[in-house]
Amino acid sequence: SDDWHIPSLLYATRFTWEPMGKMPSSQGNPRLLNEDRLLLALSANINVESESESTNDTRIGVEASWLHHRLYLGAEMYYMHVGFTDRQKIDDTFHYIGGYIQGGYFVTPQTQLALRYDLLDRNGTGKDGMLNMPAVGVNYFIKGTGLKLSAMYQYTGRTGHATQLDRDNDDLGLTTHSATLMLQYTF
């Protein structure tokens, strides 16, 4: 690294507290319908020269998740600081905030309904405008195969702009409506 004279790497740490036992890495699973788990976590990372001689990025996050029988709830909030390297000769720095909350519930032992809401300050805190992204989905676990069929619809809107013209200009080609169908195998 030209600025800090350390290797240009991602330095990351995450501390978790799981008072009710180890939280599984899935967001629900037919084999976990009788589990009760809780996770609280803090994380931070510094990405030194995230692109060749470009920026030094710092991220801090806090998260929580709870798996209670058929119900899964999760949430995360984060902050990111982007600062250009001296070599870039740009004095600007940017600050971003964002987060999500999501939940899933098994209505049958193989079918999980899911909701998610993301909010991202993609323009930085110095400029109005955020991405507003609600989503709805369904996961179907095919019994005895390790296969999961997932379907999701997500809306990507823009909100919080000073004027309608600012909102219209803050598009950057993002898809407003998206649908995803995915087949996943876990082992």
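When reading the values below, keep in mind they use all heavy atoms of this one structure, side chains included, and skip hydrogens, waters and symmetry mates.
In this structure, Thr180 has no side chain to side chain donor-acceptor pair (under 3.5 Å) partners at least two apart in sequence or on a different chain. Qualifying salt bridge (charged side-chain N to carboxylate O under 4.0 Å, His left out) partners for Arg70, counting only residues two or more places apart in sequence or in other chains: none. For His5, the side-chain contact (heavy atoms from CB on, under 4.5 Å) criterion is met by no residue, not counting sequence neighbours. Applying the salt bridge (charged side-chain N to carboxylate O under 4.0 Å, His left out) rule to Arg31 yields no partners; only residues at least two apart in sequence or on another chain are considered. Asp118 pairs by the salt bridge (charged side-chain N to carboxylate O under 4.0 Å, His left out) definition with Arg116, not counting sequence neighbours. Listed by chain and residue number, Arg59 satisfy the side chain to side chain donor-acceptor pair (under 3.5 Å) test with Ser43 (two or more places apart in sequence, or in another chain). A search for side chain to side chain donor-acceptor pair (under 3.5 Å) contacts involving Gln27 returns nothing, not counting sequence neighbours. With sequence neighbours excluded, the residues that form a side chain to side chain donor-acceptor pair (under 3.5 Å) with Tyr79 are His95.
The hydrophobic cluster containing Phe141 also includes Leu33, Phe106, under a criterion of side-chain heavy atoms closer than 4.5 Å among ILVMFWY residues, counted directly or through chains of members. Side-chain contacts under 4.5 Å among hydrophobic residues (ILVMFWY), followed directly or transitively, place Val107 together with Met20, Leu38, Trp66, Leu71, Leu73, Tyr105, Leu113, Val138. Apart from Trp17 itself, the hydrophobic cluster it occupies contains Leu40, where clustering links Ile, Leu, Val, Met, Phe, Trp and Tyr at side-chain heavy-atom distances under 4.5 Å. With a 4.5 Å cut-off between side-chain heavy atoms of Ile, Leu, Val, Met, Phe, Trp and Tyr, the cluster of Tyr72 takes in Met23, Leu32, Leu39, Leu67.
When the side chains of ILVMFWY residues are joined at heavy-atom separations under 4.5 Å, either directly or via intervening members, Ile101 and Leu119 end up in a single hydrophobic cluster. Linking ILVMFWY side-chain heavy atoms closer than 4.5 Å, directly or via other members, places Met152 and Met182 in two distinct hydrophobic clusters. Taking hydrophobic clusters as Ile, Leu, Val, Met, Phe, Trp and Tyr residues chained together by side-chain heavy-atom distances below 4.5 Å, Ile142 shares a cluster with Leu181. Hydrophobic clustering, with ILVMFWY side chains joined whenever heavy atoms are under 4.5 angstrom apart, keeps Phe15 apart from Val62. Linking Ile, Leu, Val, Met, Phe, Trp and Tyr residues whenever their side-chain heavy atoms come within less than 4.5 Å leaves Tyr117 and Tyr100 in two separate clusters.
A centroid separation of 6.0 Å or more is found between the aromatic rings of Phe94 and His81.
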message: Does Asn45 form a side chain to side chain contact (heavy atoms under 4.5 Å, CB included) with Leu10? I'd like the steps, not just the answer.
response: CA-CA 7 Å; Asn45 68 55; Leu10 172 65; 3.8 Å; yes

query: For Ile6 and Val48, what are the C-alpha separation, side-chain angles and deciding distance, and is it a side chain to side chain contact (heavy atoms under 4.5 Å, CB included)?
result: CA-CA 8 Å; Ile6 60 175; Val48 179; 3.9 Å; yes

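Looking at heavy atoms from C-beta onward, Met80 lies in side-chain contact with Val82 at the 4.5 angstrom threshold. When side chains are defined from C-beta on, Arg158 counts as touching Leu131, because their heavy atoms get closer than 4.5 Å. Between Thr156 and Thr176 there is no side-chain heavy-atom pair separated by less than 4.5 Å. Side-chain contact between Tyr140 and Gln110: present, with at least one pair of heavy atoms (C-beta onward) separated by less than 4.5 Å. In this structure, Arg37 and Pro24 have side chains that are in contact, with non-hydrogen atoms separated by less than 4.5 Å. Side chains of Tyr78 and Ile60 form no contact here, defined as non-hydrogen atoms less than 4.5 Å apart.
Taking every heavy atom of both residues into account, Gly28 and Gln112 meet most closely at CA-NE2, 4.0 Å. Residues Pro109 and Pro30 come closest through the heavy atom pair O-CB, 3.2 Å. Scanning both residues, Ser150 and Asn139, for their nearest heavy atoms gives OG-OD1, 2.7 Å. Here the closest heavy-atom approach between residue Thr159 and residue Asn132 is recorded as CG2-CB, 3.9 Å. Closest heavy-atom contact between Thr16 and Ala41: CG2-CB, 3.6 Å. Taking each heavy atom of His68 and Asp36 in turn, the nearest pair found is ND1-OD1, 3.0 Å.
Here the straight-line distance linking atom OG1 of Thr186 with atom CG of Asn29 works out to 7.0 Å at 0.5 Å rounding. Note that CD of Gln184 and OG of Ser26 are 10.0 Å apart. Values are rounded to the nearest 0.5 Å. How far CD of Glu18 is from OG of Ser65: 8.0 Å, rounded to the nearest 0.5 Å.
A distance-only check finds no donor-acceptor pair linking the side chain of Thr175 to the backbone of Ser178 [under 3.5 Å].
The aromatic rings of His177 and Tyr155 lie tilted to each other, with the angle between the two planes from 30° to 60°.
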